[in-house]
Amino acid sequence: MEKKEKINLNKPEYFFNRELSWLKFNLRVLREAGVKTTPLLERLKFVAITASNLDEFFMVRVAGLWDQFENGINKRDAAGLTVKQQLAEISKSAHDQMRLLNKYLLSLIKELRAAGIYICRVSDLSEGGRRWLEGYYQEEIFPVLTPMAVDASRPFPFLANKTLNLAVELTNQEGEDSMGIVQVPSVLPRLIEVPGESKRTFVFLEDVINEHCGDLYSGCKILDIVPFRITRDSDLEVDEDDIDNLLKEVEKSLRARTRGASVRLEIYNKANSRIRKFLYDNLDITEQEVYEINGPLDATCFFKFASLPGMWPWLYEPFVPQRPLELPDDSDIFAVLRERDVLLHHPFESFDAVVKFVSDAADDPNVLAIKQTLYRVSGNSPIVAALARAAENGKQVTVLVELKARFDEENNILWARRLEQAGCHVIYGLMGLKTHAKIILVVRKEADGIKRYVHLGTGNYNDNTAKLYTDMGLMTANDQFGSDASAFFNVLSGYSDPPVWNKLVMAPLGLRKKIYELIDNEIAIVKNGGTGHIIAKMNSLIDYPVIQKLYEASMAGVKIDLIIRGICGLRAGMDGISDNITVRSIVGRQLEHSRIFWFQGGGKEQLFLSSADWMPRNLNDRVELFFPVETPAHIERIKKVLDLYLRDNVGAHMMQSNGTYRRVTNRLEPVGAQSTLYEWALLAATADKIPMQERLRPMYNRDKA
């Protein structure tokens, strides 16, 4: 029999570039601004989200590529693109995206006007409105402004990252052509509401300043005024090879972050050539990094705009997380967990159960110790307050605070110091690794000895984002989970060798191997005449060896359904390679964040939750946890959730074989996963008098979606 030729799975055409895939994701977010059935201000928020995402993308990813290029690194990625080619493709795609963003923004501003909300120029105000605004300028704006001249004796000022500025071309008192800079103060509202107009009316702060530039440069002739905004390299660079104090090194790097190199200039598209040259030369920026905007710069201001009083008619009904299905009101969490594991699904079910778990442990005289990882927490975190209270109550409290959590470094430093002051033992992450795992361990003295209670999650211990992100958590008193949790914290806090785990799988020590084993098992089952099926839900899939393993499974006949919100380097639908793989992305009111992995296992199914996406950083450079869900009712519950995501035709986009995404629609029978999950949570919250076993089983079967 002729031996089948082995297919080379390293071909660049089998993969998509990470950065271009991310831009496609952000485009999906932006296009939600055009969905007419979505409330008007919710659509405007999608524009703001897209703009905020682009800011971070340039500050980190694009800045990193420029850094590589300027240091002579121009290697090809798995998709065959050199660093220089990536920068060129990113520039083209990002320019297109920002033009579309501006188009949506201007269209939505027109729709707001039709709804009775005017965003207009100062010159469009009534005489009474202009008088009021003049008083507001003199009292509130003028005292904050600092007009700066740029000449031989006064060099170009340093302009901080993401600041909005006005470039002023003028003729000075000596009759010489000159330039000035006025920074638009970020401490003032960007959109100013003007009372007394016939309709609810707002003007942009920079427009008000523009009107008064003649006063700011008294005695000079103003020739032109152009708004502009710069984005700087803001990636945190911490040299971990030789530092005695990680906390001090992170603080030093934070100070340096604000002065990074310029990587993007946004400028009003009517700017003349003299102002352009002035900015290009002083910001050391190229044409490729310049983005001309035909409208207001920095759409992130519309986050605050949408939350102003009186905006509720154009927003969604408030989303109220419900009491968890498996935790009756005011229940003794420890007593419940001694009976059974508890599965939580946020934000449909309230995150308060997790806060209560830590808070009750802090106040319980029988609790001896609490150990927890913290990656991102809210500004006024009740969990941090409970941990501090626990230490003050004399309990042993150990907290790993990840100082290198991007853009949360400063916040985490503050929390770490507060916890230390309260008497907690604080670990500042691990050298060379970010700790991204989500785990709480509570050690309690009980009548029959020491008992350990564990919470494991897919998302951060942040009570604010837990209302916006979809995540799952497992609470258990299972002794094997408890033993693993103790071993995990011992690895983090001391010099313990990694244990032989009972339940948990930890990255970077064994998660990659476990993923390969699970996929190989499905391949083996198919080769032995069975059927194989994998459903994997995550934020991003960009680890190319894992993608190749999925290709192997597809080629063997394993059915693979991927639900990936963001970056996906895998190319679905290629004949003979990935024709058994589907990829869908769900963009909706909530940010899809849960990581769920189901393997059919030839009838011996296995289901896991995890803090980790399938990216090189998660598998190689982070401390992550991957943990099984073993209660049959929980497995069925999560499978029902996955099935719902696979049937979604409201927020789902399917990847085509060329890498584009097409929105899934069905007008006759719309199925929205997120809205249905909220309906399920509402049903469960009314089920107080139904026995627990009944609550765990039939509720999901009542769904007609």
Side-chain angles (χ1 to χ4, degrees), residues 1-11 14-15 480 500-507 509-538 541-564 568-584 595-610 612-614 618-619 625-647 654-655 657:
M1 185 176 178
E2 186 179 342
K3 189 176 180 180
K4 190 174 181 180
E5 184 181 348
K6 187 175 181 181
I7 295 176
N8 177 14
L9 293 178
N10 291 311
K11 292 181 179 179
Y14 293 167
F15 305 100
Q480 290 185 315
V500 176
W501 303 99
N502 298 300
K503 300 291 184 182
L504 303 182
V505 183
M506 178 180 170
L509 301 176
L511 181 50
R512 179 181 294 279
K513 180 182 177 184
K514 180 67 174 180
I515 292 167
Y516 291 169
E517 288 175 354
L518 288 164
I519 298 173
D520 281 335
N521 186 51
E522 296 297 316
I523 294 172
I525 289 167
V526 171
K527 287 183 176 178
N528 288 325
T531 59
H533 191 186
I534 298 169
I535 305 175
K537 180 181 183 294
M538 65 195 93
L541 169 63
I542 203 67
D543 187 272
Y544 294 109
V546 170
I547 291 172
Q548 289 175 321
K549 182 62 70 173
L550 291 171
Y551 286 158
E552 288 178 31
S554 172
M555 289 157 56
V558 178
K559 181 183 178 185
I560 303 169
D561 292 307
L562 300 174
I563 307 163
I564 301 170
C568 183
L570 177 147
R571 185 170 188 159
M574 293 185 291
D575 289 343
I577 304 293
S578 58
D579 38 10
N580 286 316
I581 303 177
T582 64
V583 177
R584 72 196 67 220
R595 289 96 167 187
I596 308 169
F597 307 94
W598 176 81
F599 301 85
Q600 183 174 279
K604 297 178 182 178
E605 62 186 345
Q606 296 183 77
L607 193 147
F608 300 87
L609 302 177
S610 182
D613 293 312
W614 287 355
N618 300 100
L619 303 182
L625 287 173
F626 182 85
F627 54 95
V629 176
E630 298 178 327
T631 302
H634 291 165
I635 293 172
E636 289 306 310
R637 181 179 172 189
I638 295 173
K639 282 169 63 179
K640 185 79 173 178
V641 171
L642 291 174
D643 176 68
L644 185 59
Y645 280 121
L646 294 175
R647 292 189 292 117
M654 290 288 291
M655 181 194 282
S657 59

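In this structure, D579 has no salt bridge (Lys or Arg N to Asp or Glu O under 4.0 Å) partners at least two apart in sequence or on a different chain.
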_Residues K639, I635; criterion side-chain contact (heavy atoms from CB on, under 4.5 Å); working and verdict_ = CA-CA 6 Å; K639 282 169 63 179; I635 293 172; 3.8 Å; yes

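Contact of the I577 side chain with the L9 side chain is registered, since non-hydrogen atoms from C-beta on lie closer than 4.5 Å. Considering only heavy atoms from C-beta on, D561 stays 4.5 Å or farther from L642 through its side chain. A heavy-atom distance below 4.5 Å is not found between the side chains of V558 and N580. Looking at Q606 and F597, their side chains never come closer than 4.5 Å, going by heavy atoms from C-beta outward.
Atom NZ of K559 has 12 or fewer neighbouring heavy atoms from other residues, nucleotides or ligands inside a 6.0 Å radius.
Between the side chain of S657 and the main chain of A572, no donor-acceptor pair closer than 3.5 Å is present. The closest donor-acceptor contact from the side chain of S578 to the backbone of R571 lies under 3.5 Å. Side-chain N or O atoms of E522 include one that pairs as donor or acceptor with a backbone N or O of G601 at under 3.5 Å.
For the atom pair M555 CE and K6 NZ, the distance stands at 9.0 Å (nearest 0.5 Å). Considering CZ of R584 and CE of M654, their distance stands at 4.5 Å, rounded to 0.5 Å. Here I535 contributes atom CD1 and I638 contributes atom CD1; the two are 11.5 Å apart, rounded to the nearest 0.5 Å. Here the straight-line distance linking atom CD1 of I596 with atom CZ of F608 works out to 13.5 Å at 0.5 Å rounding. Separation of atoms CG (D643) and CH2 (W598) is listed at 10.5 Å; rounding is to 0.5 Å. Put simply, CG on D613 and CD1 on I564 are 9.0 Å apart, with the number rounded to the nearest 0.5 Å.
Across all their heavy atoms, I534 and F599 have their closest contact at CG1-CD2, 3.7 Å. Between I7 and G576, the shortest heavy-atom contact is CD1-O, 4.3 Å. V583 approaches C568 most closely through the heavy-atom pair CG1-SG, 4.0 Å. For the residue pair L511 and A612, the shortest heavy atom distance occurs at CD2-CB, 3.9 Å. Closest non-hydrogen pair, D520 versus K549, comes out as OD1-NZ, 3.0 Å.
Each side chain to side chain donor-acceptor pair (under 3.5 Å) pair with one or both residues in residues 510-519, not counting sequence neighbours, appears once here: R512-Y516, R512-D543, R512-N620.
Checked against Y544 for a ring pair (Phe, Tyr, Trp, His ring centres under 6.0 Å), the options Y551, F15, W614 give a single hit: F15.
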